[in-house]
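First the proteins, then the strands, lettered A, B, ... as listed; each starts at 1.
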2 protein chains.
Amino acid sequence: MNRAAPATAGRTRARKGEGELLHSEILDAAERLLIETGSEEAVSIRRIAEAVGVTPPSIYLHFADKDELLLAVCERQFGELHRVMEEAVEGVDDPVEAVYRRGKAYVRFGLDHPEQYRILFMRAADHTMDAPDEARVRDASAFHHFVDAVASAIDSGALPKGSDPVVVALELWSVVHGITSLLISKPMFDWPDADALTDHLLTAACAGLMATPPFSAPPTRRRSRR
Amino acid sequence: MNRAAPATAGRTRARKGEGELLHSEILDAAERLLIETGSEEAVSIRRIAEAVGVTPPSIYLHFADKDELLLAVCERQFGELHRVMEEAVEGVDDPVEAVYRRGKAYVRFGLDHPEQYRILFMRAADHTMDAPDEARVRDASAFHHFVDAVASAIDSGALPKGSDPVVVALELWSVVHGITSLLISKPMFDWPDADALTDHLLTAACAGLMATPPFSAPPTRRRSRR
DNA sequence: CCGATAAGTTAACGGCGTTATCTTCAGCCT
DNA sequence: AGGCTGAAGATAACGCCGTTAACTTATCGG
């Protein structure tokens, strides 16, 4: 509200020491707009610029385009999701309980920040594909933590010994992601309590995996995708 | 390509008998654009109008706005999904096998039509909330079929007797939806074969549900959402 | 002191969804 | 037959969007 006042022309800020300041200010504004409006479309470059107190083209001095900006917001949210999940397992020794807690924290995060969750996990593949590898690494790293947790659970005997932790992690992730995603996008049904539902499903999933021969990819072609 | 030529002004078609013709032509074009470009943003009113050979405002004689148009496309896709699922269980007597087939058909549909799937299941709640009830009814009806299938499986003893078919259906739906959604939006990981994965997960889920006491909502408040 | 560079600015382009207004014709009523 | 009505188009325009080009100015290294 204060900047961009001079009207004469040229600059207002950046006494050269500020450097990357605007960069994070833009991210803040974008994130705030996203949360306040709850809609990705409402987060426009022009609105963000206005919120920061700067003209739209200035944004492009810090981000290549809108996609990169939103991706950067995603990264932040990803960090936050990672944080709440780690926080949820703090001081928890039982590896199975840890997996449960992670799952519930994940679902809760999704329900608390639906729009961010949508951006994180419901975006077109293209957007994440040709983006800088950072995003993928970030994803992979968060996922890796979960794989570790699953591996511990396997070691503890709560999940079948012979199974591939990566596959099991993918499957459990599918389960939590499925609930989260449906709860977010289909509030029309009379969903039971999310936490209890997650608990029940994870319990069932773990029990089911125990009672089922470990997954092995069929001999013919892996990666069928199209 | 042929219409809109007269340049003089006024009309070109609609000799009064054609009535709802343009309506479905628009839907066809929208659907085609969606499939060809594989991106919701690329499907603009103006492009659709051009494809049909008509000016943009004409679209609004048949649809209130772009959302309603896309929703109508969704309805069609929903019908298609419903069709492939029914087709998948044709002649299948074993209720458990029927549930599996439905699940696999669902996942395959999602992978074959990712953009449509995204619109169907990854849209904001708002869009489906204030839309005409049709969409919800349609959703509910497709879901109802699945609930019936689950109920049969419960009757057959493949799923625990005391359990609520609706809850079980929701849970199984979560599972398939989770895989589908992750496979679509996170192709970065080395996913195993989708069909085999679905099979394994559904098997595990059913086995798990059998080995777990049926879900019962906690006594305190149902519908926690936020 | 003087260029170079960084970080803003203004102006503009093309595309979008949408609306207001006008035109033309098919079909009905008399 | 002749005129009215309403449906189904067209044209022109508004305001928003992402993005780019060209300009301006302050800061700093030499």
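Listed nucleotides: dC17(D), dT9(C), dT18(C). Nearest to the side chain of R47(A): dC17(D). The nucleotide whose nearest atom lies closest to any side-chain atom of L22(B) is, among dG8(C), dG9(D), dT9(C), dG9(D). Of the listed nucleotides (dT18(C), dG8(C), dC16(C)), dG8(C) has the atom at the smallest distance from the side chain of H62(A). Here the nucleotide nearest the side chain of V54(B), chosen from dA10(D), dA21(D), dG18(D), is dA10(D). The side chain of S58(A) sits closest to dG8(C) out of dG8(C), dA10(D), dT18(C). Ranking dT19(D), dG9(D), dT18(C) by closeness to the P56(A) side chain, first place goes to dT19(D).
Taking atom CD1 on I59(A) and atom P on dG8(C), their separation rounds to 10 Å, with Å as the unit. Distance CZ (R46(B)) to C1' (dT19(C)): 12 Å, rounded to an integer number of Å. As rounded to whole Å, 13 Å separates atom C1' of dC13(C) from atom OH of Y60(A). The nearest whole Å value for the distance from the CG atom in L61(A) to the C1' atom in dT5(C) is 12 Å. Counting to the nearest Å, the P atom of dA7(C) and the NE2 atom of H23(A) are 11 Å from each other. Whole-Å rounding puts the E40(B) CD to dC16(C) P distance at 14 Å. Taking atom CD of residue E41(A) and atom C1' of nucleotide dG18(D), one finds them 14 Å apart after rounding to whole Å. Taking atom CD of residue E50(A) and atom C1' of nucleotide dC16(D), one finds them 12 Å apart after rounding to whole Å.
Along DNA chain D, the nucleotide closest to P57(A) and the one closest to P57(B) are compared, and the more 5′ of them pairs with P57(B).
Side-chain contact, E171(B) with H200(A): a donor N or O sits under 3.5 Å from an acceptor N or O.
We find that E40(B) and R118(B) are not joined by a salt bridge, their nearest charged nitrogen and carboxylate oxygen being 4.0 Å or further apart. With salt bridges taken as basic N to acidic carboxylate O contacts below 4.0 Å, none links D199(B) and R101(B).
Between dG8(C) and T55(A), no contact under 4.0 Å exists linking OP1 or OP2 to a side-chain N or O.
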Exercise. Between F143(A) and W173(A), is a ring pair (Phe, Tyr, Trp, His ring centres under 6.0 Å) present by the stated rule, with each step listed?
Worked result: CA-CA 9 Å; F143(A) 180 61; W173(A) 186 17; 5.4 Å; yes
Exercise. Please walk me through it: do F109(A) and H113(A) pass ring pair (Phe, Tyr, Trp, His ring centres under 6.0 Å)?
Worked result: CA-CA 6 Å; F109(A) 178 88; H113(A) 314 290; 4.7 Å; yes
